[in-house]
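Note that the coordinates shown come from a computational prediction; the quantities given were computed from them, not determined experimentally.
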Amino acid sequence: MAEQKKNNEALNVEEALTQSEAFLIKNKKTIIGVIVAIVVVVAGVVMYKHLYADPREEKAQAALFKGQEYFEANEYEQALNGDSIGYAGFLKVADEFSGTDAGNLANAYAGICYAHLGKYDEAIKALDSFNGNDQMVAPALKGAMGNCYAQLGQLDKAVSLLQSAANEADNNTLSPIFLQQAGEILVKQGKYDEAIKAYTTIKDKYFRSYQAMSIDKYIEQAKQLKK
């Protein structure tokens, strides 16, 4: 019986290690995930809400529109750098219409495009250029930056941003995602107590979230690895 328990614990540890080692690969395939939808929907709503009757703002929005179509079609290179038929690209929209809501939003789009293209340094720079304090969009973009730092192997920075994004969002949609990502990185770093704390926050504070349904498994794995 004791031998079987020992074998089960070993399997749990192996599973946890495999999970943490696969973290960066998983993130590369699903980077930003829900965040993309949030930025597209929420940031768009915020922009329209604050849109004022100004010719420059309207012109900026018109310039942004084609890029949004490319973005939603997953054509990130064209969305970012433009095409041969008149669309300038998010980068030029952000530069030419700096100071407008549309120009600001173009920075967010550009950052996400760069992330999908695997250009994480550029993604961080563009995302950091976005200026906003909306309770969904701003934390979402900070979490996206955290994911980019994880891809670059800057794990301490990644954890810091993910935890900060979770605190700023403070909701059942974003916070558990970022806390679980932070926890997985912390496990990879061997910081098991900190990982357990992040996972436990999901269990105790965001118990209505999707992530909370399976968080006990992550907590137990971190505890087994700590032994």
Side-chain angles (χ1 to χ4, degrees), residues 16-40 43 67 70-71 74-81 89-92 94-95 104-132 136-169 173-199 201-202 211 218 221-222 225:
L17 282 170
T18 302
Q19 209 166 46
S20 62
E21 287 298 322
F23 173 78
L24 298 184
I25 297 172
K26 287 194 301 178
N27 265 19
K28 188 171 184 179
K29 292 180 179 178
T30 60
I31 191 161
I32 302 168
V34 175
I35 303 170
V36 173
I38 290 170
V39 171
V40 171
Y70 279 128
F71 182 90
N74 299 329
E75 296 179 12
Y76 301 114
E77 187 68 48
Q78 291 93 328
L80 188 64
N81 295 309
F90 287 137
L91 293 176
K92 286 190 177 179
D95 182 53
N104 188 36
L105 186 56
N107 285 313
Y109 276 118
I112 296 171
C113 287
Y114 272 132
H116 277 288
L117 293 169
K119 298 179 179 180
Y120 302 112
D121 284 313
E122 293 91 336
I124 290 167
K125 184 177 179 180
L127 291 168
D128 195 42
S129 296
F130 179 83
N131 182 25
M136 291 292 279
V137 179
L141 295 180
K142 181 173 283 190
M145 289 172 63
N147 277 275
C148 290
Y149 276 112
Q151 293 295 328
L152 293 170
Q154 298 182 42
L155 301 187
D156 287 338
K157 185 71 172 178
V159 168
S160 176
L161 283 168
L162 288 166
Q163 291 179 328
S164 178
N167 290 335
E168 288 180 17
T173 302
L174 289 178
S175 299
I177 294 173
F178 298 144
L179 287 170
Q180 184 168 330
Q181 289 178 335
E184 290 185 47
I185 297 174
L186 289 164
V187 166
K188 181 177 177 63
Q189 293 180 297
K191 299 178 180 179
Y192 304 119
D193 285 328
E194 293 180 47
I196 292 167
K197 183 178 179 180
Y199 293 149
T201 301
I202 296 173
Q211 288 73 22
Y218 288 87
Q221 288 170 344
L225 286 166

- Start with the C-alpha distance between Gln189 and Asp156, add both sets of side-chain angles, then the distance that settles side chain to side chain contact (heavy atoms under 4.5 Å, CB included), and finish with yes or no. CA-CA 9 Å; Gln189 293 180 297; Asp156 287 338; 2.9 Å; yes
- Message: Go through it in stages, so that I can follow the logic: the residues are Tyr76 and Phe71, the test is ring pair (Phe, Tyr, Trp, His ring centres under 6.0 Å), and I'd like the CA-CA distance, side-chain angles, deciding distance and then a yes or no.
- Response: CA-CA 6 Å; Tyr76 301 114; Phe71 182 90; 5.7 Å; yes
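Counting heavy atoms from C-beta outward, Leu186 and Tyr199 have side chains that stay 4.5 Å or more apart. Using a 4.5 Å heavy-atom cutoff, the side chains of Ile112 and His116 are in contact. Between Leu117 and Glu122 there is no side-chain heavy-atom pair separated by less than 4.5 Å. Inter-residue side-chain proximity for Asn104 and Phe130 is flagged as met; some heavy-atom pair is nearer than 4.5 Å. Between Tyr70 and Glu77 there is no side-chain heavy-atom pair separated by less than 4.5 Å. At a threshold of 4.5 Å between non-hydrogen side-chain atoms, the residues Gln221 and Tyr192 do not count as touching.
When every heavy atom of Pro139 is checked against every heavy atom of Leu174, the shortest pair comes out as CB-CD1, 4.5 Å. Nearest heavy-atom pair, Val159 versus Ala182, reported as atom, atom and distance to 0.1 Å: CG2-O, 4.1 Å. Closest approach of Leu127 and Ala108 over heavy atoms only: CD2-O, 3.9 Å. For Ala195 against Val187, the heavy-atom pair with the smallest separation is CB-CG2, 3.6 Å. Smallest separation of non-hydrogen atoms from Ala138 and Gly132: CB-O, 3.5 Å. The two residues Phe90 and Ala106 come nearest to each other via the heavy atoms O-CB, 3.6 Å.
In this structure, CG on Leu141 lies 11.0 Å from CG on Asn131, to the nearest 0.5 angstrom. Here Ile185 contributes atom CD1 and Ser160 contributes atom OG; the two are 11.0 Å apart, rounded to the nearest 0.5 Å. Interatomic distance, CD of Gln163 versus NZ of Lys197, reported as 8.0 Å (0.5 Å rounding). Between the CD atom of Gln151 and the CG atom of Asp121 there is a distance of 11.5 Å, given to the nearest 0.5 Å. Note that CG of Leu152 and NZ of Lys157 are 12.0 Å apart. Values are rounded to the nearest 0.5 Å. The structure places CG of Asn81 at 9.0 Å from NZ of Lys92, a figure rounded to the nearest 0.5 Å.
Tested against Leu162 for a side-chain contact (heavy atoms from CB on, under 4.5 Å), the candidates Asn167, Ile177, Asn147 yield a single pass: Asn147.
Judged purely by atom type and a 3.5 angstrom limit, Tyr109 has no side-chain atom pairing as donor or acceptor with the backbone of Leu80.
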